[in-house]
Structures are given as structure tokens and as C-alpha cells.
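Please read the structure below before turning to the comments.
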2 protein chains.
Amino acid sequence: MEKGKKTTRRMVTAYDVARVAGVSQSAVSRTFTPGASVSKATRQKVMDAAASLGYRPNFLARSLISQRSNLIGVVVPGMANPFYAQVLEQLAAAFEAQGYRVLLFSTASNEDSDPVLEEMLHYQLAAVILLSASLSSRFADECRQIGMPVLLVNRKSHSDAVSSVTTDNRVGGAKIAEFLIAGGHQRFAFLAGRESSSTSAEREQSFRNALLQHDITAIQREVGGYDFEAAAAATRRLLAGAERPDALFCANDLMALAALNVSRYEFDLQPGRDISIVGFDSLPISAWPVFDLTTYVQPVAEMVMQAVAIINAQLLDSEAPAIQCEIEGQLIVRGSARQPPGWK
Amino acid sequence: MEKGKKTTRRMVTAYDVARVAGVSQSAVSRTFTPGASVSKATRQKVMDAAASLGYRPNFLARSLISQRSNLIGVVVPGMANPFYAQVLEQLAAAFEAQGYRVLLFSTASNEDSDPVLEEMLHYQLAAVILLSASLSSRFADECRQIGMPVLLVNRKSHSDAVSSVTTDNRVGGAKIAEFLIAGGHQRFAFLAGRESSSTSAEREQSFRNALLQHDITAIQREVGGYDFEAAAAATRRLLAGAERPDALFCANDLMALAALNVSRYEFDLQPGRDISIVGFDSLPISAWPVFDLTTYVQPVAEMVMQAVAIINAQLLDSEAPAIQCEIEGQLIVRGSARQPPGWK
DNA sequence: GTGAAAGCGCTAACAC
DNA sequence: GTGTTAGCGCTTTCAC
């Protein structure tokens, strides 16, 4: 912050406007405060003066005095995965509609968001949203203490003092298992996301449990870390193995798309016929004819709605309890996995 | 545990730290100001007190008094196009590395960024970056007046008082034309982005010019508005027409991907054999085997580097002249377009 | 309804 | 090197 030539260009302040309008500075403030009491005449004078001077209230100063900012901090783990981009976009749109602004904190992919959280605490954020990232209990406590709502999206906390919005991962994992079993598959495999991710863990656990109901215990497993290249490599290992799986459940769509590419172009396996591949998320691009991916929908719009609702509730009452919101997803059957005869 | 206890949520200030450390408040300020002169002893006392109290400088207050914020406003036209997401991500990473933070302003796609610019002026932004959006000269003037650097990325201004970073669109358009001509194509088509976009216009114009050199003037044309669905519809019109093109240049990759899908799955045309499709951007996903798209690279990393360099220069000297930076792209030949024999 | 006055938390002269 | 002193631009009592 050493840089920057000092500009002598003083900005237009409420005082300047007051002087021109022939009113007090407070009158100017009131004019720009929705719901404050100003007479029609005063307001008009102020507006005219403001317009002529090109005045705009300084939101930073406003936040400082009013002790409340309209900045929402959002932590995203990069945007290589369209899912994150989509959630971020909708989150931003929803909050902007309410007069908030998103301050972006991109974390270098890894799950440890403590350093970035530390950074966030320097801005008087109205709230913090962590997308696909977890939160140390230390920070959870600290945020609660200063009355700053924190919300996990697409991830759950071990502590239920932290709010979260997720899809019903367990239902999804089970549904996919049943679908694959009904399709008559024999050799199952799971492609995991990051090991530390609650999301991947839930999907895997329920997948395994459902298979167990049918006495299927031998499940091959690789880790793709939610990354395209890593998932492609993992798929290669799986398909090159002795017991090539005929049913592959990937913890997210991006990895499923990688698996699709590898199967088709490196192993000459046609998804839906020679191998069944299922994802999780339902990215827009997964619906493209080239992929035609069977997947479990994470209803992004609904998740964002709930996220906004939870944040609003906490903002209204800082004593409000944390909420773990789990949203109903849906299995979308397309062509990348063999379809059981008569499947609804 | 005391529930419902009303916590007086005053934040920890430099004064509190000063009191505990037994020094003046300025000493605290200096401790947290890189390059300020504080003795080892004082600094230590301050750091200890700060740590014990959980003190963090308030960046908003700092910006207010120092008249310079570390907030960079970035306008993005949504993130459905991975190109935007990629640029945003790298931009954020680059600025964060310099101690800046990105304040996100997502505009509802359209090209008129005036309302959002208006919003931005309320925050004391260090600089503003417009991604694939244009700028009215009114705002360009206003921003210059208050000494706030503005930079267009992937778009050019008619005025050269506005800085911009773009790829050499004209070179790209011409190269693609030559490549397609060398491939022996007969019926050319161009799929435009938004009509108001300088980027699309430049690519089209140079494409046409290069074709003109070979006496090719009949060029079919549709508008895809940089949107996947719109581009798919446009492609349908093109392919259903009497004079079905055998060479299609799309103003960006996203639209080329749409064209690819439509060609292959709706018209049973194999790209690279029955029709040649070329894009512009070189998205990561365009390299996937399923698409194997021939395209012109926009070197995102380099563009971001230049963007940061330009902003830094303007920040250092607000009188610095605007810079129009044009970066050299590169034609990536892959399988979606027929390859001329012996093409280098 | 309106103005005066008191700060929000901080940096940056300025003396010492 | 350190403390003292002014404010940055604004909201918000509080009298009138």
C-alpha cells in the first residue's frame, strides 16, 4: 500500500452538497438514507445539488460509522469447475439484488481456508459464505463472537453451530447405487473428490451402504480430487485394471466428464453401453449431447435462495440458531449409464 | 452457559491494543504499517497485545483516512462462459497477491455497464476492470477525473483515452480465414457474438478481408450473441439452409462448441470431415478429445499479467497515458476443421 | 423537519 | 522512535 501518487483531488462530500443546496450536512445524509425524514423541498434541493456536483455517498465511510457494511465475503476454490462459477454468479446476483456486494476471496484450491478467513476479518463483512470449503472451529467461534454470520455451501461442518446448505448427498448416493444395481452392473467403482470433503464422504458412504444392501462389498476406489486431470488419471488406473468396472460413480460432474473422455477416447468404451458413468451436480454442459451424462442434480438456484434466506435470518437476529439446510436433489437419467428396463 | 446474553459487540480497536501494550495508538498503527519506523521492543509489545485481543486493522477505516483503498472492482458479464470465469479467477489471484481484493459486479450480460459503473463509484475503488464490456465516454471521463484507472479486458474502446487489453483479434480472424481457405473450403459462414462487441467486429472484419483477398465475398452470417443456446439455434439455421456452409468460424469457443454439438447430433455432420468449425478463445474444455476444437488462443495468463501491469502503472502515476495492449494469440490446429495438407 | 455535535477506527503530519 | 493532534466522510442522537 506504499504505492500511489497522492492526488490532491478531494472527493465531493456531503458538506459540499449541503453548502450548494443551502442546507445542513445532516439533511444531505438523510436524503440519501432510505426511510429518513426529509421534506420534499429539502430533498429536491439536495438532489439537485448532488446531481450538479456528481456526489455519491461514500459507502466505506457509511459502513464505518454505521458499523455495518454491505459487503459479503465469498470464498471460492477457483473456477475451473463450472459448478463453482455458477454458484458464485447466482450468489452474487441474489445479494446484489438486496444491495449487497460480493468481495471475492479465491483460495488456492486446498481446503484450509484459515489464512483467507484471517484476511476476511479485516473487512467489516456483513457475512461470509464458504463455497465448498470447510471452517476451523476456531474461526467459527470468532465469527460468532463478532456476530458475523458464516455459511457453508456445498459442505457441512462437524459442528452444528455452523450453518450450511447442501444437497441431500446421502439420498443421491443411494439413488445412484440403486439405479446402477437395477441396471444389472457387476463391478462397481467410486471416484472420490477430496478426501477431506464432507460432500464426497457422504456420497460415498451412502453409495456403499446401498450396495451393501445387495451384498455388494467389493467396490473399487480412486481419488480424483475434484480435478479434471487427476480424475482422468484415476479413470485410467481403473480401466486399465484387471477387474475393469462396469459402473463408475464419480463424486462430481467434472470428474465424470473426465471419465467419459478417457473411456471413450483412450479405451474405446462407449459410455452407456460398455460402461456406465454417473456424476453429481448436473452442470449445464453435462446435458450437452456429446456428454449426455446421467447425474444427480444439485439445484443451484434453490441452494442460493436458501443461502440468502439463512444469511438474512442471521443478519436480522445474530442470536438466531445455525441452520443446516439440506435440499432435495434429483436423479437425471441420461445416456451415459445403462438404463434399467422400465426405470421410471 | 449464558444464553441470550447481550454481547456488546464493539470491535477491538487500535486504542484497546495501545492500552494493553502500554503505548500510544499511533505506535499500534505504525506496527501494522509496513515500512513505518517502530522499535523492535514496541513492535513486540504491540504484537503481543494485538494477538491476545484478536486485533485486526480495519481496512475500511484505513481506506477512509488514507484516501486509497485496496479494492479493485471487476465487472463480469456472468460466468456461463468459462472464459470469463477463467479470467476472473486469474485476475483475482494476481491482485490478491499484491494485497488487493476483488469486489465483484456482475452485470446482467448486456453491454450497457453504466448502471453498474454508477454503483462502483460508491466504493473508493483503487481501480476498475471491465471484462468483455464497454464503457460510455461519460464514465470514462468521470473515472479519469477522480483518478481511478479503468481497464477494458477483451474489448476495446473507441476512445484511446481508455486502456485495454485484447488479443490480436484481426490477426486471429485473418489466420483463421487463411487456414480455412488452404483447407479448400467453399462456403464460408461467420457466427457473430454480440453486435455491439468490438471483439466480434474485429474478428469478423479481418476474416472477411482475408477471404476477400481470395475473391470470396459470399459469407453467410448469423448472430449467436456469445450464448450457447442462441449459437445452437443460429447453427441450425445455417445448416438447414440451402447453401450449407462447409466452413464455420465462430466468434468464440462457447459458440463453436454449440455448433459442434448441433452439427454432430442434429445434422449427423462430423466436424473436421463434413464441416469445419473453428472457434476463438481456446477454453480448457475445447481441448478435450470430444471437442478437439481448432481455435485461436487468447493467452489468458498473459492478458492478466498485462492487465495488472497497466493498472499498476496507472496507480503509480494517475497522469500516465492510457495503454491499448494487444497480445499475440496463436492458432491451435486440432481436429474440428479439415487440415490443409502440409499445414505447418 | 432540521441543524449542531459527537464520534466510527484509522493514518499522517508534527513536535519532541 | 514516540506521542499528540487533526481529521477522512459519514450516521445518528439530541435539542429546537
Do NZ/NE/NH1/NH2 and the carboxylate oxygens of A:Arg144 and A:Asp141 come within less than 4.0 Å? yes
May I ask you to say what A:Arg43 touches in the nucleic acid, namely base, sugar-phosphate or nothing, with a heavy-atom cut-off under 4.0 Å? nothing
For B:Gln44 and D:dG1, give me the distance from atom CD to atom P, rounded to whole Å. 17 Å
Could you tell me whether B:Val28 contacts a base, only the sugar-phosphate backbone, or nothing, with contacts defined as non-hydrogen atoms closer than 4.0 Å? nothing
If you compare every side-chain N and O of B:Ser66 against the phosphate oxygens of C:dT11 (OP1, OP2), does one of them come in below 4.0 Å? no
Which part of the nucleic acid, if any, lies within reach of A:Tyr55 when heavy atoms closer than 4.0 Å are counted: base, sugar-phosphate only, or nothing? sugar-phosphate
Can you tell me the distance, in whole Å, between the CZ atom of B:Arg19 and the P atom of D:dG3? 15 Å
Figure out the CD1/P separation between A:Ile146 and C:dG9, and round it to whole Å. 13 Å
With the side chain defined as heavy atoms from C-beta on, A:Tyr15 is closest, among D:dC10, C:dC10, D:dT13, to D:dC10
A:Arg56 CZ to D:dC10 P, in whole Å, measures 12 Å
A:Tyr55 and A:Val46, any side-chain heavy atoms less than 4.5 Å apart: no
A:Thr33, nearest nucleotide to its side chain (from C:dC10, D:dT11, C:dA4): D:dT11
Checking contacts here: which listed nucleotide (C:dG9, C:dT2, D:dT11) is nearest the side-chain heavy atoms of B:Thr13? C:dG9
Touch class at under 4.0 angstrom, heavy-atom based, for A:Thr42 against every strand present: sugar-phosphate
Would you find a donor on one side and an acceptor on the other, under 3.5 Å apart, between the side chain of B:Gln25 and the backbone of B:Tyr15? no
Given C:dA4, is OP1 or OP2 found less than 4.0 Å from the side-chain N or O atoms of A:Ser24? no
The residue, A:Ala14 or B:Ser26, whose nearest nucleotide of DNA chain D is more 5′ is B:Ser26
Hey, which of these two, A:Ser37 or B:Asn58, hits DNA chain C nearer its 5' end, going by closest nucleotide? A:Ser37
Rounded to whole Å, the OH-C1' distance (A:Tyr123 to C:dG9) equals 15 Å
Looking just at side-chain N and O atoms, do A:Ser134 and A:Arg155 make a donor-acceptor pair shorter than 3.5 Å? no
In whole Å, what is the span from the CG atom of A:Asp16 to the C1' atom of D:dG9? 10 Å
Of the listed C:dC10, D:dG9, C:dG1, the closest approach to the B:Gln67 side chain comes from D:dG9
Strictly below 4.0 Å, N to O, side chains only: are B:Arg19 and B:Asp16 in salt-bridge contact? yes
Provide, to the nearest angstrom, the distance between the CZ atom belonging to A:Arg30 and the P atom belonging to D:dG9. 20 Å
Is B:Glu119 salt-bridged to A:Arg56, going by a charged N under 4.0 Å from an acidic O? no
Could you check which of C:dC8, C:dG1, D:dG7 has an atom nearest any side-chain atom of B:Ile65? D:dG7
To the nearest Å, give me how far apart CG (B:Leu64) and C1' (D:dC8) are. 4 Å
Under 4.0 Å from OP1 or OP2 of C:dT2: is there any side-chain N or O of A:Ser39 that close? yes
